[in-house]
Amino acid sequence: MAEIIVAKTAGFCFGVDRAVKEVERQLALGKRVATLGEIIHNPHVVRRFEEKGVRVLDRVEDNTDRRTVVIRSHGVPRSVYDRLAELGMDYVDATCPYVAKIHEIVSRYGEDTTLLIAGDETHPEIVGITGHCKTRYYVFRTAQDLEKLLSLHRETSQNHCVMLAQTTFNTSEWTKSVNLAKKVCTNLLIFDTICKATVNRQTEAAHLAQTCDLVIVVGGRHSSNTAKLYEITNQLGSSILVESAAELGGYSFHGVQKVGITAGASTPAFIIKEVQTTMSEILSTNAKNEDEMSFEEMLEQSFKTTYTREKVTGVVTGIKPNEISVDIGTKHAGYVPLSELTDDPNAKAEDLVQVGDQLDLIVMRVNDVEGTMMLSKKRLDAIAGFEKVMNAVDTGEVLEGTVVEVIKGGVLVLTNGVRVFIPASLATMYRSDDLNDLLKKTVRFKILEVNKQRRRAVGSIRAVLRDEKKAAEDKFWENVEVGQKYTGKVKSLTSYGAFVDLGGVDGMIHISELSWSRIKHPSEVVKVGDELNVFIRDIDPEKKRISLGYKTEEQNPWNILAKTYQVGDTATVQIVSLTPFGAFAQLMPGIDGLIHISQIARERINKPSDVLSVGQEVKVKITEIDYDKKRISLSIRALLEEGDEEAAAAIASKEEEAAPAEAEAPAAEEAPAETAAE
């Protein structure tokens, strides 16, 4: 009778539950919410919050619409709090209290102390912890790493050392590291900062691995504590890692009777329940199928001889539309159905082989009564391919295959005759990418986990995409120089500039560098998807920031002005604004000149609006160009004095519009005087 055991410690820990509830509380208050990084390492929870309008920020500066920022349970460096305060942003700190305690510990020590931190230096929790350190620190992942570290920095072992760990660090590895440090370091202070919930969860997972046929670890593949649970259970028994119940369809559970289920601290209860329910249905179906062997299967069993599954070499003797005939040197007439020759349903046998070709085959079925033998090339290739796929998990080899099916929970990729399951979260670079776009496409991927007994493999396309992106970044930073030109694609727009993909590396064009004219938003000049010719203005290798230039000197309106106009030239301009001291007029796009109030008319006027209006076109004379101060003086009066009729006509029409009002004013003032005289 099949049995399923769910770990008591599976699911949300206190810190994660607290962070998730904080986001829900802010939403309930009607606030627009953003999280600094994914609130937890679980794609389903993150996607659910995104559907409710929650934005995931990579940097504080990305919060352009001033949302309430929730700091996740992993915590952040001290510099992030400073930046939030500097920008005056509203935020809620949901850092796990256990993590906050570590921040407080590391911030106590100064230059006379060395900090030894057990954990993954790329994990957000460790990034946050090191961001509170005020002294030298070293991060190590294993006891072996610590031993190498201390041997390279021998002076460290003689100094005052403080040792602590990431809250989700592997407990057995921590014990080894502590024992090693005690032997080497003469002045050592140890803080056991591994969360007790983590210890209990790992202990229970180990017990399940030792007592069950299979352990299913449920959680995000980017979750540190989930990865450690999978590592522990895989070392002690047989286990698989899934992010949701949908992924169970990619595995075979033939012969499994007792299943354990555990889950990482970022896995919500509803996903654990779905996995339990789905697994129960699968085991029930398997039991029913095993009890109902068909007559055809029993008949096939009776035909099996010692030849079945044997590898043989045959020579093609005939080709038919649906099969080929082969001679394997026995009394049996060998044949290979087209379906056992290739996976391609559109392929033709004559295009694949010719009479006389020698093929390596495997015996599938022998019929001694009819004297025939069915063989397969496809399945022999699959066996060799299977070995290659199984070995790839250790070698890290990048495999290539074709996406043959999009299923619930991911995609199936055919490589070397083997179907590899790629979960949805690992199939594309970004969560928003459509899986259907991959169908029938050739993709490159890595194998993450295998189960030889069940002939199942799980891979990741994203791992290859990230490696390729990292390689492109490294190559870029090796060769980049200020002034270099690139063709890039606009990736996103913010109020302060445009981010451009230069081929795996992003650079930013500040809004001031997009146009020589003043603009209010980058969208006035470019849009997402545009290809731009840009150049490197400045680089910051330490912070990996690139400042790009887009506008060129050839486009500089002042350079164009120098080739177009000189002092003394006349031009038709448009009035763009009026001030008490004059009118500004656009001489050409990006350049305005000032017509001083004294240069608008021959006689003295009270204000520019008496003669001019915004949008009006007038003829002017250029009286001065100051390229250093970027100033231009224009004059209508100069043309009037020269007798320019066109300039005079423009001014006269405006004066005539104002004349009736001026004529009526004195009469109104004189009325009281006349009344008084009477």
**OP:** Please report the C-alpha distance between R59 and D62 in whole Å, then the side-chain angles of each, then the deciding distance to 0.1 Å, and finally whether the salt bridge (charged side-chain N to carboxylate O under 4.0 Å, His left out) criterion is met.
**Re:** CA-CA 5 Å; R59 304 177 307 156; D62 295 336; 3.2 Å; yes

Once you round to the nearest 0.5 Å, how far does [atom1] of [X] lie from [atom2] of [Y]?
X	Y	atom1	atom2	result
F140	S177	CZ	OG	4.5 Å
S239	D213	OG	CG	13.0 Å
T278	L283	OG1	CG	11.0 Å
C161	Y109	SG	OH	11.5 Å
L548	I536	CG	CD1	5.0 Å

A side-chain contact here means heavy atoms from C-beta on lying under 4.5 Å apart; do [X] and [Y] qualify?
X	Y	answer
K101	T193	no
L214	I240	yes
T428	I461	no
R136	E111	no

Original post:
Can you list the steps and then say if T113 with H160 is a side-chain hydrogen bond (donor to acceptor under 3.5 Å, both in side chains)?
Top reply: CA-CA 5 Å; T113 302; H160 179 226; 3.1 Å; yes

Between [X] and [Y] (side chain of the first, backbone of the second, donor and acceptor by atom type, cut-off under 3.5 Å), is there such a pair?
X	Y	answer
R18	T95	yes
R67	V33	yes
T277	K273	yes
E243	R221	yes
D506	L502	no

**OP:** Check the pair K446, D467 against salt bridge (charged side-chain N to carboxylate O under 4.0 Å, His left out), reporting the backbone distance first and the verdict last.
**Re:** CA-CA 10 Å; K446 284 186 176 182; D467 288 347; 2.7 Å; yes

Electrostatic pair [X]:[Y] at N-O distance under 4.0 angstrom:
X	Y	answer
E247	K408	no
E173	K228	no
R25	E22	yes
R83	E86	yes
K52	E24	no
E51	R47	no
E104	R108	yes

Original post:
Regarding T167 and E125, is there a side-chain donor-to-acceptor distance under 3.5 Å anywhere?
Top reply: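 Their side chains do contain a donor-acceptor pair, which is all the 3.5 Å distance test asks for.
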
Original post:
Side chains of Q26 and T68: donor-acceptor distance under 3.5 Å anywhere?
Top reply: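 No, T68 and Q26 have no side-chain donor paired with an acceptor closer than 3.5 Å.
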
Is it true that atom [atom1] of [X] has more than 12 heavy atoms of other residues, nucleotides or ligands lying nearer than 6.0 Å?
X	atom1	answer
E400	CD	yes
F499	CZ	yes
H103	NE2	yes
E274	CD	yes
Y137	OH	no

**OP:** Could you go through the side-chain hydrogen bond (donor to acceptor under 3.5 Å, both in side chains) check for T142 and Q144 one step at a time?
**Re:** CA-CA 5 Å; T142 64; Q144 188 177 9; 4.9 Å; no

Original post:
Run the salt bridge (charged side-chain N to carboxylate O under 4.0 Å, His left out) check on K388 and E397 step by step: do they pass?
Top reply: CA-CA 9 Å; K388 183 175 183 179; E397 180 183 358; 3.7 Å; yes

